[in-house]
Amino acid sequence: MAMDARSLTFENECDIVFSNATLHWVVDHRPVLQGISRALTNGGRCLLQMGGKGNAAAVTDIVQSVPIIGKWGAYFKGMSFPYGFYEPDNYIPWLKEAGLTSLRAELIPRDMVQNGPDGLAGWFRTT
């Protein structure tokens, strides 16, 4: 079954909700968290892992600047940045608003070092 993470339709059906490397593709996380809260059974748990604030910033800053550079601008008119990279200070209040209790919310810095140009090209293909 496929559905928009912002419009989950489950009601008290899930003991566990797990998301890995997905939610940073969603700009507004609040409806996702509300849907997770509705989906969980009493005592249910969720584990969410995603890119956070500053994740891949060196690359994404350059990618965001490409549309405004000379000849490339025409190809990117109206394009928006599709990522939601947040930090615990954002997430903790959102979890509370959704009725979820945070046991742990942290930003774990990760080096984004690629193995040369081919490694960087591979990263772009997968993201």
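Judged by distance alone, the side chains of Thr41 and Asn12 never bring a donor and an acceptor atom under 3.5 Å apart.
A heavy-atom distance below 4.5 Å is found between the side chains of Met50 and Tyr91. The closest side-chain heavy-atom distance from Ile16 to Leu47 is not below 4.5 Å. At a threshold of 4.5 Å between non-hydrogen side-chain atoms, the residues His24 and Val26 do not count as touching. Between Leu23 and Leu48 the shortest side-chain heavy-atom distance falls below 4.5 Å.
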Could you give me the CA-CA distance, side-chain angles and deciding distance for Met3 and Leu8, then say whether side-chain contact (heavy atoms from CB on, under 4.5 Å) is met? CA-CA 7 Å; Met3 70 178 67; Leu8 298 176; 3.8 Å; yes
Chi angles and distances behind the side-chain contact (heavy atoms from CB on, under 4.5 Å) call for Val17, Leu40: CA-CA 7 Å; Val17 172; Leu40 288 170; 3.7 Å; yes
Please walk me through it: do Phe10 and Ile36 pass side-chain contact (heavy atoms from CB on, under 4.5 Å)? CA-CA 8 Å; Phe10 304 106; Ile36 290 171; over 6 Å; no
Between Lys53 and Leu107, does a side-chain contact (heavy atoms from CB on, under 4.5 Å) hold up when you go through it step by step? CA-CA 8 Å; Lys53 185 175 181 179; Leu107 186 60; 4.3 Å; yes
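Between Pro88 and Pro93, the shortest heavy-atom distance links the atoms O-CD, 4.2 Å. Nearest heavy atoms, Gln114 versus Gly119: OE1-O, 3.4 Å.
Taking CG of Leu100 as the reference point, atom CD of Gln34 lies at 9.5 Å (rounded to 0.5 Å). Taken to the nearest 0.5 Å, the CG atom of Leu103 stands 9.0 Å off from the SG atom of Cys46. Once rounded to the nearest 0.5 Å, the distance linking CG of Leu33 with CZ of Arg38 reads 10.5 Å. Within the model, atoms CD of Glu97 and CD1 of Ile92 stand 12.5 Å from one another, a figure rounded to the nearest 0.5 Å.
Below 30°, between 30° and 60°, or above 60°: for His29 and Trp94 the angle between ring planes is between 30° and 60°, a tilted geometry.
The residues Asp28 and Arg30 are annotated as not salt-bridged, no charged nitrogen and carboxylate oxygen being separated by less than 4.0 angstrom.
Around the CG atom of Asn20, the shell of radius 6.0 Å holds more than 12 heavy atoms that belong to other residues, nucleotides or ligands.
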